[in-house]
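Everything numeric here is computed off the predicted structure, so don't read it as measured data. Every chain is numbered from 1, with letters handed out A, B, ... down the list of sequences.
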Protein chains: 2
Amino acid sequence: MENSNRFKDLIASGHLYLQNISIDNVIFGYHNKELRVLLQRPQGISMWALSGGYIKRTESIEDAARRIAEERTGLKNLFLKQFKAFGDPFRSGTKVSQEFEGKQVSNWTLDYFVTLGFYTLTEFELVKPSGDFYTEECTWWNIQSLPPLVLDHKVIVDAAMKALRLHIYHYPIGYELLSEKFTIPEIHALYETILGKTLDSRNFTKKLLATGIIKKTNKRRNIGPHRSPWLYVFDKVNYENALKEGMALVI
Amino acid sequence: MENSNRFKDLIASGHLYLQNISIDNVIFGYHNKELRVLLQRPQGISMWALSGGYIKRTESIEDAARRIAEERTGLKNLFLKQFKAFGDPFRSGTKVSQEFEGKQVSNWTLDYFVTLGFYTLTEFELVKPSGDFYTEECTWWNIQSLPPLVLDHKVIVDAAMKALRLHIYHYPIGYELLSEKFTIPEIHALYETILGKTLDSRNFTKKLLATGIIKKTNKRRNIGPHRSPWLYVFDKVNYENALKEGMALVI
DNA sequence: GCAATAGTGTCTGTAAGACAGTATATT
DNA sequence: AATATACTGTCTTACAGACACTATTGC
């Protein structure tokens, strides 16, 4: 059977979405030394939830996670990483989860769901968060002061944060969080914010430059009554390679 | 509703297993400088497959992966790690997959499956592989010379191998692959085999001992007409801690 | 000149990595 | 004695990490 026909048949015969499996996307936003997470509050619930959704029968899990991020942020081509799957008969199936995941009030949303954890990186000033019909609020929360979260979403956020902090040493993080041209102090602040600790600026600069993922331009940024910092850009070739092959950065 | 009743209802009302999601467990076996993978060949198929299965509505994903490993190896308490989820509408749904995953000939096994990749470590001499009713053969294959694999199972094996080689630096690997007491040359050979490269024995010993995960006993192993090596054991406290918290080993 | 920020060079200490000779068990 | 394997110490080098002064900008 051709694939297009196969899809039509599957969709016609059953559900648009895969069953028993969901995606929770921890959408991180960065701006000006602040790291936030995009959360939404479902109608009539006092707790907050990650941007989640289901996998269409016609898309890969990465596409699904990307679509969910795009629905909430309006942005395409975000930095996206799968980090862990969570599955336990008790993680969904409480009263709360019925109300929370009850976007579609049918049996299978009350069922045992395995959720695939992804995280996404974006610049939160570029984003006007948008919830869906079942969402009462959708907004950014500082990572240090999150509101009460439904289900095991706090566990998922913590795992995403842990994965992000590990990945920052192995993948070129920053492209989606900074403007196309950025200064060393800007990317320095980004790394400090994500890692939650100060990094010696001299050593940081040396080591980041040694990876080759960024390069100096011949332009400077005017920042008022101070010395103008040089502008840098990501080196396309080295960036893509580090994204695919990984890299070693010990800062 | 009580949980026990909830499960009964769910199982009675639908399927025993979660739908659209499977587990593939890359069961690695080690013995005497050789690393193997446990594969099975379904009835009437010429290609081989990973040990896979589905998730019962009453168990967590880790429990399901553990159960699958136990069904094939007969062993409990194996080293088990989740490493990645694979999901794409085209990864299952070919003619081959119908025959392969057609253990239960019903619509949903022909459907789009997201599979959760786990890997397991064991000592293959301890294992008498056992397939199930639908399996024609179930046996160990050297990692260097795998037979043709169904679907994307080669991709999954490669990803598991990559994850294992990364994890060996961060988790105490060896407890399930060696006898309770083992010598430095034995664990040295294990690390060399998994990493696929030679490791200087002097530096290896220094650094492994520095982690504190193994400790010397006052016994030696008799190995014939040669100097008798000391026997070591894993240090329970440090081992458990490294398993939970991770560790740093640069070899 | 002042205030604020950018930018960078050097030193030290640690440890990774290279390297080879001695010890021991058996026949 | 011969053989095969276990065991270990030192040196070099690289680099991580600590550290502080100079440069630039606008007012």
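For Pro225(B) and Trp230(B), each mapped to the nucleotide of DNA chain D holding its nearest heavy atom, the one lying further toward the 5' end belongs to Pro225(B). Toward the 5′ end of DNA chain C lies the nearest nucleotide of Pro229(A), the other residue of the pair Asp200(A) and Pro229(A) mapping further downstream. Closest-nucleotide positions on DNA chain D for Gly224(A) and Lys206(A) were compared, and the one nearer the 5' end corresponds to Lys206(A).
Nucleotide dT24(C) holds its P atom 17 Å from the CD1 atom of Ile184(B), rounded to whole Å. If you measure from atom CG of Leu249(B) to atom P of dG17(C), you get 11 Å, rounded to the nearest angstrom. Rounded to an integer number of Å, the gap from His226(B) NE2 to dT5(D) C1' is 6 Å. In this structure, Tyr169(B) places its OH atom 13 Å from C1' of dA16(C), rounding to the nearest Å. Between the CZ atom of Phe204(B) and the P atom of dA15(C) there is a distance of 19 Å, given to the nearest Å. Following rounding to the nearest Å, Phe182(B) (CZ) and dA6(D) (C1') show an atom-to-atom distance of 16 Å. If you take CG of Leu209(B) and C1' of dA6(D), they are 14 Å apart, rounded to a whole angstrom. Computed from coordinates, the Leu208(B) CG to dA16(C) P distance equals 13 Å when rounded to whole Å.
The side chain of Arg220(B) contributes an N or O atom lying less than 4.0 Å from OP1 or OP2 of dA25(C). The phosphate of dA15(C) (OP1 or OP2) has no side-chain N or O of Asn203(B) nearer than 4.0 angstrom.
Contact check on Lys154(A) versus Asp158(A) returns a salt bridge, with a Lys/Arg side-chain nitrogen under 4.0 Å from an Asp/Glu carboxylate oxygen. At a threshold of 4.0 Å, the pair Arg66(B)-Glu70(B) does not count as salt-bridged, since none of the basic side-chain nitrogens sits closer than that to a carboxylate oxygen.
Taking 3.5 Å as the limit, the base of dA6(D) and the side chain of Arg227(B) contain a donor-acceptor pair of atoms between them.
Panel note: side chain Thr217(B), backbone Trp230(B); no donor-acceptor pair is recorded below 3.5 Å.
Distances were taken from every side-chain heavy atom of Asn222(B) (C-beta onward) to each of dT5(C), dG17(D), dT26(C); the shortest belongs to dT26(C). Of the candidates dC19(C), dT8(D), dA6(C), dT8(D) carries the atom nearest the Ser201(B) side chain, counting heavy atoms from C-beta on. Distances from the side chain of Ser228(A) to the nucleotides dG9(C), dT25(D), dC7(D) place dT25(D) closest. Picking from dA4(C), dA16(D), dG7(C) the nucleotide with the shortest atom distance to the side chain of Val250(A) gives dA16(D). Of the listed nucleotides (dC7(D), dT8(D), dA16(D)), dT8(D) has the atom at the smallest distance from the side chain of Arg202(B).
Across all strands, Lys207(A) comes closer than 4.0 Å only to sugar-phosphate atoms, never to a base (heavy-atom distances).
By the 6.0 Å contact criterion, OH on Tyr175(A) is open, its count of non-hydrogen atoms from other residues, nucleotides or ligands being 12 or less.
Leu38(B) and Arg72(B) make their closest contact through CD2-CB, 3.7 Å (heavy atoms, listed as atom of the first residue, atom of the second, distance).
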